[in-house]
Amino acid sequence: MNPASRITIAGTGTVSAAGWGVPALRQAMEAGHPLPLDQIPRPGPDNTLTLPVRRVPRPAERPAFLAHPRLRRSSPISWFAAAAALEALGPDPDKSRRTGVIFTLLNGCVNYSGRFFGEALQDPSTASPILFPETVFNAPASHLATLLGFDAPAFTLIGDSAQFIPGVELAVQWLLDGVVDACLVVGAEEVDPLTAEALSLLAPGAILTEGAGALLLERDGPGPVIHEIAGPVPITGFPDQTCRTAAALRLQQSLMPLPENALLIDDASGCRRSDFPGLSAWHDFHGPRLSPRRLLGEAPGASAALQCVLASAAIQSGKTKAAVVSAIGADQQASALVLAAT
Amino acid sequence: MAYRSATFTPSPPRRVVVTGAGLLTAHGTGWQVNSDAFHQGKNSLRPVTLFDVSRQRVQTAGEVLLPEDLPPHRLGRRDLARIDRGARLLVHAAHETLVHAKVPLTHLPCVLGTSAGGMALGEAFYRQAQAVPPARRGQASRVLYYQAWQQAAVMQRALGIAGPVTLISNACASGANAIAHAASLVRRGDAPAVLCGGYDALCQMVFAGFDTLRALSPTVARPFDAHRDGLALGEGAGLMLVESLDHARSRGATVLAEIAGSGAGTDLHHLTQPHPQGDAALASMTAACAMAGLRPDEIDYINSHGTGTPLNDIAEALAIQRWAGDAVSRIRVSSTKGGIGHLLGGAGAVEAVICLMALRGGFLPPCVNVETPDPACTFDLIREPRDAVLRSALTNSFGFGGSNATLIFRQPPD
């Protein structure tokens, strides 16, 4: 293989309900216990009704990046993304490289959207002009690019909980086309009452969580290799279980044969209805398997990013030579990423 | 579109062409009505009727007079009962594109740009969630259809096509970025043809947001006028079918134009304001020209971002001056936002289609409402309808968050 076409992972970073940083996430996975639940009020006037969620714990100390003018007024999604990105870039990032940003999310900054829309309905003349720009889907990507000083393309892709993997694929294309020298792919999401309510309607029993996962991609580095990206297999037709299961099966079949002794990191969350398509597709897989969403919950735009970070970490720690990340989205697509040791 | 490192081999880049386009704006539905309106410099801003604007500073926008019926479609009752305005815009524009292109494919990847997506459904969800007593009836389907890819999925179901959907949300550059990304997929050989473009429907939250920022013109939107005082919002959809030149020729398709170049970058200056000297705009235009192999004096028309806000227009004018150098006085520029408003996530794609119309129709769309051009306009600002033979056209899109994009189209190869 031409080394120029080999894309590798140069760094990873996360923020999750398990804490700030990859070690905290790995530790939670090793412990294997679902993380404690928080309660947030349901949207609406009766705030005695609550919904269970898993929030990112407060950091041990206030991150220095929050002093950046762009991040002072931003919402948690941007903080999580910044922390994960800085961890992935490492302490001494190569500033001479033209580095792109690809940001994947489903909801974005709904906390500010809800606040702003509430103000606008009440009295448009007093609605805050500071809130509105933060509600735009690409605000977090813009903050991130500014914080890092990256003026290469910064794209925001919106999609379901499998979207992070097509985001990685776009980064691979940019690297192969020479659009960028390195590319940061970040998936992030924040908890808010409207999203928690929405998830409870679409996937009863699922627990909303928040956080971010980041991969720094480069050409021909020493890190784990992106061996294969499969999909996205569209969930065609009205998105019911039959369509999702068909997409999951097509995805799983397209990956065969898998690398020997590969670790499967699937998207099972413990919610029977959501899990059915993925569990059906991987029914005959008998190798090692990790299901981080069972412990963390569902962070729509960030969940697949956290799976990918864990896959990379497992390879870098020598626990496995290959890892498969499977993400069957709720109603858009199914995607998979296969990483292998260099 | 799958990637396998072991088998990946780069292939020679393919030339990318446009073989069909569809458009809906405040001017009307379809290529011809829009082409005539842009040629004449029509103004189609009108009072907003979609939501309550009585307490806003501004009450007008480029609201689309949406046809009551959808074009021929395959939607079932469930979809028809839930389809929102954004998806309707998309179905109309996609239908026209596919009819125009006469493409025989049913597997078509879609790359779409949007800024608001299904926000109107999000607003309805919010209102109902806040109701006393709480009312959850219909909330699940609002959540489902609020997700922007469901608008694309409804469009696919309506027209009997299937394929992966990529949704780019880079604010006002989304539509242009979507076309550039679709072109890159075809150029690399990942797909023979891609349906691409952008759309956005007017919604209350976004309208209120621009109003609170004092970005909306309380008088008349007049891009590049010395006394401009803001933009008008609009809505609509602009789509096109891009395919490889070889693929288009093999099926005998009519080629509307070639996508010669594209550029993208990020302006780090401010979340909502461009760099005052237009640095990032200059970089984006320069990159697109380099890719196209064209000098600034070989660009026959620029459809500018030209929103009508004081800061945008001056930054873009300065960027064009720096980019064109000595040739600036010969560079012909207009903004079409004065007539239809700013379509946000749809703007870049709609303006790309306007460039196709100008190339095909041999005209320069005028910049309406300009009385006193800003002194920064050292270029040839098109203020009246003008006919011209064009070889190439460039369109700029600059968005919130510093997302910048440039596309260059040229006449089809012989």
Side-chain angles (χ1 to χ4, degrees), chain A residues 1 5-7 43-46 70 106 113-114 116-117 120 123-125 127-129 132-133 135-139 141-142 145-146 149-160 166 169 172-173 176-177 194 197-198 201-202 225-232 234 236 238 254 331-333, chain B residues 1-6 8-10 55-56 78-79 115 117 122-123 125-126 129-132 134 136 139-140 143-144 147-150 153 157 162-171 177 184 188 204-205 208-209 211-214 264-268 271-272 280 283 399-403:
Chain A
M1 182 179 49
S5 67
R6 200 177 64 156
I7 306 300
D46 184 358
R70 275 294 197 94
L106 186 152
S113 303
F116 178 77
F117 191 55
D123 182 359
S125 67
S128 169
F132 176 64
T135 70
V136 180
F137 277 122
N138 69 329
S142 169
T146 303
F150 295 163
D151 62 1
F155 271 33
T156 296
L157 306 178
I158 43 180
D160 68 8
E169 189 185 14
V172 169
Q173 290 167 4
L176 294 174
D177 288 352
L194 288 167
E197 174 88 347
L201 293 166
L202 284 193
V225 177
I226 295 184
H227 178 72
E228 181 173 353
I229 299 171
T236 50
F238 191 82
S254 75
D331 51 12
Q332 183 189 11
Q333 60 200 335
Chain B
M1 270 149 283
Y3 161 83
R4 276 194 180 88
S5 67
F8 175 82
T9 44
R55 293 182 298 162
Q56 304 288 164
R78 184 157 51 177
D79 276 331
S115 185
E123 291 171 359
F125 180 84
Y126 176 92
Q130 299 290 337
V132 183
R136 301 221 154 75
Q139 289 289 70
V143 172
L144 181 65
Q147 303 171 113
W149 56 92
Q150 283 302 331
R157 291 199 285 273
V165 172
T166 302
L167 275 165
I168 296 173
S169 195
N170 292 345
N177 286 139
S184 76
R188 258 199 317 275
Q204 188 168 7
M205 191 181 100
D211 206 19
T212 59
L213 288 173
R214 300 290 192 267
T266 305
D267 186 339
L268 306 179
L271 184 59
T272 59
F400 265 22
S403 293

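All chains are named by letter (A, B, ...) in the order of the sequence lines, taking the proteins before the strands, and each is independently numbered beginning at 1.
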So which part of [X] gets closer than 4.5 Å to some heavy atom of chain A, the side chain, the backbone, both or neither?
X      : value
B:R136 : side chain
B:A280 : neither
B:D211 : neither
B:Q150 : side chain
B:T272 : side chain
B:A153 : neither
B:Q139 : both
B:R157 : side chain

Which of [options] touches chain B most, by non-hydrogen pairs under 4.5 Å:
options                       : value
A:V172, A:I226, A:V136        : A:I226
A:A230, A:P133, A:G149        : A:P133
A:G159, A:G114, A:S125, A:P43 : A:G159

Smallest separation among heavy atoms of [X] and [Y], with atom names:
X      : Y      : value
B:T266 : A:A145 : CG2-CB, 4.1 Å
A:F116 : B:M205 : CE2-O, 3.6 Å
A:S254 : B:R4   : O-NH2, 3.0 Å
A:R6   : B:Y3   : CA-OH, 4.5 Å
A:I158 : B:S169 : CD1-CB, 4.1 Å
B:Q147 : A:L106 : OE1-CD1, 4.1 Å

Hey, could you give me the [atom1]/[atom2] distance between [X] and [Y], rounded to the nearest 0.5 Å?
X      : Y      : atom1 : atom2 : result
A:F155 : B:N177 : CZ    : CG    : 3.5 Å
A:T156 : B:N170 : OG1   : CG    : 5.5 Å
B:L271 : A:F132 : CG    : CZ    : 10.5 Å

Does any part of the side chain of B:F125, heavy atoms only, come nearer than 4.5 Å to the side chain of A:L201, both counted from C-beta? yes

Less than 4.5 Å apart, side chain to side chain, heavy atoms only: is that true for A:L157 and B:I168?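 With C-beta onward as the side chain, the pair touches.
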
Looking just at side-chain N and O atoms, do B:S403 and A:N138 make a donor-acceptor pair shorter than 3.5 Å? yes

Proximal component of [X], with respect to chain B [non-hydrogen, under 4.5 Å]:
X      : result
A:T135 : side chain
A:P234 : side chain
A:A120 : both
A:L202 : side chain
A:D160 : both

For the candidates [options], which exhibits the highest count of non-hydrogen atom pairs separated by less than 4.5 Å from chain A?
options                        : value
B:G122, B:G117, B:G401, B:A283 : B:G401
B:G402, B:G399, B:A171         : B:A171
B:Q204, B:R55, B:Q130, B:Q56   : B:R55

